Amino acid sequence: FNYSSNPNPLRLRTSVSWWTNPCTQNYAMFYPGRVYNGQAYFNGELWTTADVDAKSPVSANANSAACGREVFLSAFVQGYYDGGSQMRPVLANAGVSGATMDLCDTITLELRSVADPSIKISSCRSLLKTDGTALGYFSGASAATPYWLVVSGRNMVTTWSGSPVTLGSALTYDFTASPASAYLSNLLELENGVYGIISGDLSQDGTIDAADLGIADFDIYYGGGGYVVSDVTGDGTVDASDLGLIDYNIYFGFGAVSP
């Protein structure tokens, strides 16, 4: 089993000390007031320093399910991009309480089966920063199994990795440096050598079309603003600039592509 506790280890008198970094080292062995000889019994299972990753008992029948895996992501979003490898602080611009100027927007990361991409293996929510970085954590994912990595957001085109990825202990994946990082190169060049995920799929149906224009037009008519999907430029207001970006992407037929 894997367990996270407080920022400081919680020392129990049951021979185990819990740590805060699950999947790296969850426990340390110790005997309060006694000499520790490298192994101890806890809940009837033998725990030992031979278990070098400190994640599970040695006894096979006590091992936990696959531990979670980290993904360090780099991605820019077309509508939010402000030049110089920076995006707008969308959450702060929208008046989201507690938002700081280094945060752009929320995104969803998924791992999908290579054999059947319709099958979602794991997913997590993440905060995309204005510098294009985000951290995801997938539970129940194998270190050695290839998966499709999928990124989606409130008003962006769902984007798949260029090819299946293997997580290992942790994965670093960059959607910003090459169009080939996305499936069928489904990215836009935002400035010389910098690529980004396409904006404008407000309805999240995989296409950018009149339905998306209609959502933005409605919000403009009724004076919409704040944290709404129709603010594809991320400046806190819904106006002609949002309509123009959506219209541009409709003209060029941009939309989601997947395996």
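Bear in mind the structure is a predicted one, so any value in this text is a computation, not a measurement.
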Contact between [X] and [Y] at the side-chain level, heavy atoms closer than 4.5 Å - yes or no?
X	Y	answer
Thr158	Val151	no
Ile121	Thr145	no
Cys104	Met87	yes
Leu190	Tyr195	no
Met156	Ile107	yes
Ile197	Leu187	yes
Ser161	Tyr173	yes
Phe254	Leu188	yes

Original post:
Who are the ring-ring contact (aromatic ring centres under 6.0 Å, His included) partners of Tyr248, not counting sequence neighbours?
Top reply: Phe252
Looking at [X] and [Y], would you say the former's side chain and the latter's main chain have a donor-acceptor pair under 3.5 Å?
X	Y	answer
Glu110	Val150	no
Thr159	Val157	yes
Thr207	Gly255	no

Report the distance from atom [atom1] of [X] to atom [atom2] of [Y], rounding to the nearest 0.5 Å.
X	Y	atom1	atom2	value
Ser142	Tyr147	OG	OH	4.5 Å
Glu70	Leu171	CD	CG	11.0 Å
Ile246	Leu213	CD1	CG	5.5 Å
Leu243	Leu245	CG	CG	10.0 Å
Glu189	Ser178	CD	OG	10.5 Å
Asn249	Asp201	CG	CG	10.5 Å

Report all side-chain donor-acceptor pairs from residues 227-236 shorter than 3.5 Å, counting only partners two or more places apart or in another chain.
residue, atom, partner, partner atom, Å
Tyr227, OH, Asp105, OD1, 2.5
Tyr227, OH, Thr106, OG1, 3.2
Tyr227, OH, Arg154, NE, 3.1
Ser230, OG, Asp219, OD2, 2.3
Asp231, OD1, Thr233, OG1, 3.4
Asp231, OD1, Gly234, N, 3.1
Asp231, OD1, Asp235, N, 3.4
Asp231, OD2, Asp235, N, 3.3
Asp231, OD2, Gly236, N, 2.8
Thr233, OG1, Asp235, OD1, 3.4
Thr233, OG1, Asp242, OD1, 3.0
Asp235, OD1, Thr237, N, 3.1
Asp235, OD1, Thr237, OG1, 3.2

Could you pull out the closest heavy-atom pair between [X] and [Y], with the gap in Å?
X	Y	value
Trp160	Pro259	CE3-CD, 3.3 Å
Lys120	Arg112	N-NH1, 3.8 Å
Ile208	Gly200	CG2-O, 3.6 Å
Ser126	Leu109	CB-CD1, 4.4 Å
Ser74	Thr133	OG-CG2, 4.4 Å
Ala92	Met101	CB-SD, 3.7 Å

If two hydrophobic side chains count as joined below 4.5 Å and joins carry through other members, does [X] share a cluster with [Y]?
X	Y	result
Val165	Ile119	yes
Phe138	Phe72	no
Val257	Tyr251	no
Leu111	Phe175	yes

**OP:** Might you work through the side-chain contact (heavy atoms from CB on, under 4.5 Å) test for Leu73 and Leu149, ending with a clear yes or no?
**Re:** CA-CA 10 Å; Leu73 184 79; Leu149 175 64; 4.2 Å; yes
Original post:
How far apart are the C-alpha atoms of Val71 and Leu167, what are their side-chain angles, what is the distance that settles it, and do they pass the side-chain contact (heavy atoms from CB on, under 4.5 Å) test?
Top reply: CA-CA 8 Å; Val71 172; Leu167 300 180; 3.9 Å; yes
**OP:** Determine the sole option in Val90, Val96, Leu127 for which the side chain to side chain contact (heavy atoms under 4.5 Å, CB included) test with Leu103 is passed.
**Re:** Leu127
Original post:
Do Tyr80 and Phe76 have ring centres separated by under 6.0 Å?
Top reply: no
If we ignore angles and hydrogens, is there a donor and acceptor under 3.5 Å between the side chains of [X] and [Y]?
X	Y	value
Asp212	Ser203	yes
Tyr81	Glu191	yes
Gln204	Asn155	no

